[in-house]
Amino acid sequence: MEKPEIIMAPGPTPVPSEVLLAQGSPLVYHRGPGYGDLLREVTEGLKKIYRTNNDVLIFASSGTGGLESAVANLFSPGDTVIVPVAGYFGDRFARIAEAFGQDVRRIDYEWGRAVRPEDVATVLAETPGVKGILVQHSETSTGVVNDIEAIGRVAREAGALLVADVISSLGAVPYEGDAWGIDVAVGGSQKAFSATPGLSFVSISGAAWEATKEAKNPRFYFDWVQYRNSYELASPENPFTPAISLMLGMRAALRRYFDEGPEAVLERHRILSAAVKEGVRALGLDLSGEHLERAWAVTAIRAPEGIDGDELVAKVRRDHGIILAPGQGPMKGQVFRIGHLGNYDRFDIIRCLAALELTLEEMGYPLKRGSAVAAAEGVFAAAPSGLSTVLPGRQ
Ligand SMILES: *Cc1c(COP(=O)(O)O)cnc(C)c1O
């Protein structure tokens with residue numbers, strides 16, 4: 001049997017066997033008590049991770065469907081929204097809003113920059129009647145984690161809704177839905193939770209529910225009100241046939257998450273991220289992006305002079321079966337990315353760094369063998385004891 005490839009890209013992330021096995025169990029019929037319990041457990045688990053008492057809805061769609069649902073439910077054609085674009089996913093959010101006829105005010109950044117709350121404040125002050133700010137928490141294409149708490153304050157002062165794409169941050173990076181006053185936050189199953197792709201989640205504040213009453217954008221499958229009404233039945237349901245198997249997998253993924261403990265999971269992400277960054281620096285490579293201390297989900301690395309990032313990624317996959325992510329957009333060929341969100345432990349990081357060393361050496365880059373691995377081990381050795389950087393149940 002061929003050995004499966006190891007994904008170290010920022011989603012989808014490797015799915016543990018418990019989750020796959022749960023997805024292979026018999027279907028739970030979606031009308032009636034069995035499914036009600038499943039829906040309730042997954043929703044309640046997500047609320048804990050979102051750190052919110054707001055409603056959380058779940059859709060059978062990839063993350064982008066959740067983003068689209070936010071635009072469809074919150075705004076009317078012609079409404080003005082501000083979209084900071086500092087990478088591939090910022091651009092996607094702007095294009096979704098444009099597709100629905102929003103008057104989109106982009107704030108363009110060089111990729112790798114963080115969104116500056118003061119820029120959002122400036123555009124808000126110049127633009128009358130802004131209904132929403134649509135922004136990434138973690139911009140996966142650059143690895144940058146934005147300060148959406150500060151952006152949320154600016155939005156609130158101006159009476160605009162803050163709609164956050166938390167698809168690659170939720171569960172991997174500190175996030176406080178209620179304390180930060182986030183109106184809408186969209187997550188996905190295939191990133192930090194290491195469930196299979198196909199579910200999106202949306203948390204919705206009271207102010208966001210109010211906005212839906214006025215919002216005239218067309219919607220049917222993603223109409224939030226239909227979902228809320230079915231969730232409020234004595235035995236919660238979905239308005240349409242849910243992705244039952246994916247929900248069984250998601251429940252298993254959340255049970256695993258809570259067994260490890262939310263704090264411990266975040267701490268593991270912090271340490272693994274630091275180990276990747278120290279390892280790469282020890283090879284003399286430069287990291288890309290602002291606020292690297294917050295970039296716990298994905299690390300963007302500049303390809304060294306004379307080496308094409310896309311070729312490096314292709315060679316690591318071909319020779320070692322490890323899938324890194326290439327640079328996107330203007331960073332194509334110039335950077336490559338290592339995803340470390342989700343079901344990873346320290347030996348995944350060490351294996352990845354070892355593969356990187358071997359590959360770079362073969363491509364003619366001068367390095368000292370073992371230096372990246374040694375630097376990562378240094379980070380693990382210095383981490384507080386008892387830290388679960390080795391996951392239970394790993395083969
Ligand atoms: C992965 C990702 C998405 C897209 O999600 P899909 O599930 O591919 O639709 C959107 N935004 C961010 C920040 C992501 O990381």
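This structure is a prediction, so every number in the text was calculated from the model and none was measured. Note that ligands are numbered from 1 as they come in the structure, with each ligand's atoms numbered from 1 the same way.
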**Study point:** Matching residue for Phe59 among Phe201, Tyr221, Tyr227 - test: ring-ring contact (aromatic ring centres under 6.0 Å, His included)
**Key:** Tyr227
Check your understanding: Of all the atoms in ligand 1, which lie at a distance below 4.0 Å from a heavy atom belonging to Gly63?
Key -> 5 (O), 6 (P), 7 (O), 9 (O)
Check your understanding: Do side-chain atoms of Arg256 reach the backbone of Asn343 as a donor and acceptor pair under 3.5 angstrom?
Key -> no
Check your understanding: Atoms of ligand 1 less than 4.0 Å from Ser62 heavy atoms?
Key -> 6 (P), 7 (O), 9 (O)
Review point. Glu139 to ligand 1: N or O pair under 3.5 Å?
Key: no
Exercise for review: Please confirm whether Ile167 comes within less than 3.5 Å of ligand 1 when only nitrogen or oxygen atoms on both sides are compared.
Suggested key: no
**Study point:** Within reach of ligand 1, part of Arg92 (heavy-atom separation under 4.0 Å)
**Key:** side chain
**Study point:** Salt-bridge present (Glu260, Arg268; N to O < 4.0 Å)
**Key:** yes
**Study point:** Residue Ser138 vicinity, atoms of ligand 1 by number, heavy atom under 4.0 Å
**Key:** 13 (C)
Point to revise | SB check Lys315 Glu362 (cutoff 4.0 Å) | key: yes
**Study point:** Expected output: side-chain Arg105 to main-chain Asp103 donor-acceptor under 3.5 Å
**Key:** no
Point to revise | Per-atom contacts, ligand 1 versus Thr140 - under 4.0 Å to a heavy atom | key: 12 (C), 13 (C), 14 (C), 15 (O)
Check your understanding: Would Asp183 and Arg156 pass as an ion pair if we require N to O under 4.0 Å?
Key -> no
Check your understanding: Does ligand 1 have any atom sitting under 4.0 Å from a heavy atom of His137?
Key -> no
Revision key, fill the gap. Residue, atom and distance of the protein heavy atom nearest atom 1 (C) of ligand 1 read Lys191 NZ, 1.4 Å
Point to revise | Lys131 with Asp79: basic N within carboxylate O range, under 4.0 Å | key: yes
Exercise for review: Could you tell me the residue and atom name of the protein heavy atom closest to atom 3 (C) of ligand 1, and the distance to it rounded to 0.1 Å?
Suggested key: Phe89 CE2, 3.3 Å
Check your understanding: Are any of the side-chain nitrogens in Glu278 or Arg281 under 4.0 Å away from the carboxylate oxygens of its partner?
Key -> yes
Review point. Heavy-atom contacts under 4.0 Å between Asp165 and ligand 1: side chain, backbone, both, or neither?
Key: side chain
Review point. Can you list the atoms of ligand 1 that are under 4.0 Å from a heavy atom of Ser168?
Key: 15 (O)
